[in-house]
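Since the structure comes first, as structure tokens, the remarks are kept for the end.
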Amino acid sequence: MTIGEALKDERLKLNLTQKEMAANIMSRSQYGKVEKDLHDISASVLLKLLEFHHISPDFFFKQVLSPQTGKDSETQLLHELKTAFFEQNTNELNYLFRKSEKMSLSKFTIYQIILLKAMLTQNVKDIPSEVKNYIQWLIVK
């Protein structure tokens with residue numbers, strides 16, 4: 001993932017416009033070009049943006065450095081979902097749920113997401129019978 005893609009990802013998680021994300025640290029126009037990987041961003045400006053929006057530089061750079069394709073992206077998504085769930089970060093969870101809808105995921109991963117949503121809402125009725133049957137099968141086998 002590029003720095004621009006990671007910034008956009010973080011901006012969308014925070015439900016901010018490009019102007020809000022730029023935060024008078026840089027122009028909206030320049031920020032937009034960074035998101036599209038048309039313009040580089042200096043380390044000092046990037047760190048100011050991350051600090052302003054309370055984004056962990058460690059987490060941010062792990063996103064940039066980690067592969068985001070195939071099985072790796074599915075594993076990464078599950079890790080992020082579980083972390084957000086245990087930290088009770090509902091904004092992050094909702095963002096990740098929306099993100100997962102756009103991904104091609106295995107049935108097992110989809111079931112885990114359904115279970116996390118049901119746990120979040122504390123509503124077992126939200127779990128489809130297909131998923132319940134699969135869980136029963138896993139327990140009995």
Side-chain angles (χ1 to χ4, degrees), residues 1-23 25-141:
M1 175 180 285
T2 67
I3 287 175
E5 290 169 334
L7 278 170
K8 182 177 182 178
D9 206 37
E10 291 299 319
R11 177 176 64 79
L12 294 174
K13 284 181 196 176
L14 296 168
N15 293 317
L16 299 175
T17 65
Q18 287 183 341
K19 183 177 182 176
E20 292 168 328
M21 188 69 171
I25 295 169
M26 62 191 309
S27 73
R28 199 250 8 117
S29 171
Q30 187 180 22
Y31 175 82
K33 290 176 184 175
V34 170
E35 270 194 10
K36 294 177 184 171
D37 295 315
L38 299 174
H39 186 60
D40 289 330
I41 185 170
S42 72
S44 62
V45 170
L46 176 59
L47 290 171
K48 284 178 189 176
L49 284 174
L50 296 177
E51 181 180 357
F52 184 84
H53 294 291
H54 308 288
I55 300 167
S56 160
D58 184 50
F59 175 78
F60 181 83
F61 288 110
K62 282 181 184 174
Q63 277 185 275
V64 172
L65 297 173
S66 70
Q68 295 293 314
T69 57
K71 187 65 175 165
D72 288 334
S73 63
E74 192 167 322
T75 303
Q76 179 69 23
L77 174 70
L78 280 172
H79 172 73
E80 291 173 5
L81 277 164
K82 290 173 185 176
T83 300
F85 178 81
F86 288 112
E87 291 175 353
Q88 298 180 353
N89 185 340
T90 53
N91 287 338
E92 177 76 0
L93 278 167
N94 289 326
Y95 166 76
L96 292 168
F97 290 148
R98 288 191 308 273
K99 181 178 176 181
S100 71
E101 292 168 358
K102 299 173 188 169
M103 297 173 70
S104 176
L105 302 170
S106 69
K107 186 181 277 191
F108 185 69
T109 297
I110 293 168
Y111 287 177
Q112 289 182 73
I113 291 169
I114 290 169
L115 289 173
L116 280 172
K117 284 181 181 179
M119 290 169 62
L120 180 66
T121 61
Q122 298 180 349
N123 192 350
V124 179
K125 294 177 185 174
D126 291 342
I127 304 172
S129 59
E130 178 184 346
V131 177
K132 290 178 184 175
N133 292 338
Y134 181 74
I135 293 168
Q136 285 179 324
W137 176 80
L138 283 174
I139 293 169
V140 175
K141 90 173 193 177

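Side chains are part of it too, since the values below use all heavy atoms of this structure and drop only hydrogens, waters and symmetry mates. Residue numbers count from 1 along this sequence.
Separating the OG atom in Ser42 from the NZ atom in Lys48 is a distance of 7.5 Å, to the nearest 0.5 Å. Interatomic distance, Ile41 CD1 to Leu49 CG, rounded to the nearest 0.5 Å: 5.0 Å. Residue Thr90 holds its OG1 atom at 7.0 Å from CG of Leu120, rounded to the nearest 0.5 Å. In this structure, the separation between CD on Glu20 and CZ on Phe52 is 10.0 Å, given to the nearest 0.5 Å. For the atom pair Leu115 CG and Ile135 CD1, the distance stands at 4.0 Å (nearest 0.5 Å). Atoms CD1 and CG, from Ile3 and Asp37 in turn, are 8.5 Å apart once rounded to the nearest 0.5 Å.
Sparse packing is recorded around NZ of Lys8, with 12 or fewer heavy atoms of other residues, nucleotides or ligands lying under 6.0 Å away. Within a 6.0 Å sphere centred on NZ of Lys117, other residues, nucleotides and ligands contribute more than 12 heavy atoms. No more than 12 heavy atoms of other residues, nucleotides or ligands sit less than 6.0 Å from atom CD of Glu51. No more than 12 heavy atoms of other residues, nucleotides or ligands sit less than 6.0 Å from atom CG of Asp40. Annotation for His39: atom NE2 counts as buried by contact number, over 12 foreign heavy atoms lying within 6.0 Å.
Closest heavy-atom contact between Ser27 and Ala22: O-CB, 4.0 Å. In this structure, Ser104 and Glu74 approach most closely via the heavy-atom pair O-OE1, 4.1 Å. Contact detail for Ile114 and Pro128: the closest heavy-atom pair is CG2-CD, 3.6 Å.
Looking at heavy atoms from C-beta onward, Tyr111 lies in side-chain contact with Glu130 at the 4.5 angstrom threshold. The side-chain heavy atoms of Leu7 and Leu46, taken from C-beta on, include a pair separated by under 4.5 Å. In this structure, Leu96 and Ile113 have side chains that are not in contact, with every pair of non-hydrogen atoms separated by 4.5 Å or more. The closest side-chain heavy-atom distance from Glu10 to Leu50 is not below 4.5 Å. His53 has its side chain out of reach of Arg11: every pair of non-hydrogen atoms, C-beta onward, lies at least 4.5 Å apart. Contact of the Lys13 side chain with the Asn91 side chain is not registered, since no non-hydrogen atoms from C-beta on lie closer than 4.5 Å.
Formation of a donor-acceptor pair under 3.5 Å by the Thr83 side chain with backbone atoms of Glu80 is not found in this model.
With sequence neighbours excluded, no residue satisfies side-chain hydrogen bond (donor to acceptor under 3.5 Å, both in side chains) with Lys36. In this view, Gln18 and Arg28, Glu35 satisfy the side-chain hydrogen bond (donor to acceptor under 3.5 Å, both in side chains) rule, not counting sequence neighbours.
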Residues Glu101, Arg98; criterion salt bridge (Lys or Arg N to Asp or Glu O under 4.0 Å); working and verdict:
CA-CA 5 Å; Glu101 292 168 358; Arg98 288 191 308 273; over 6 Å; no
Test side chain to side chain contact (heavy atoms under 4.5 Å, CB included) applied to Leu93 and Leu81, step by step
CA-CA 6 Å; Leu93 278 167; Leu81 277 164; 4.0 Å; yes
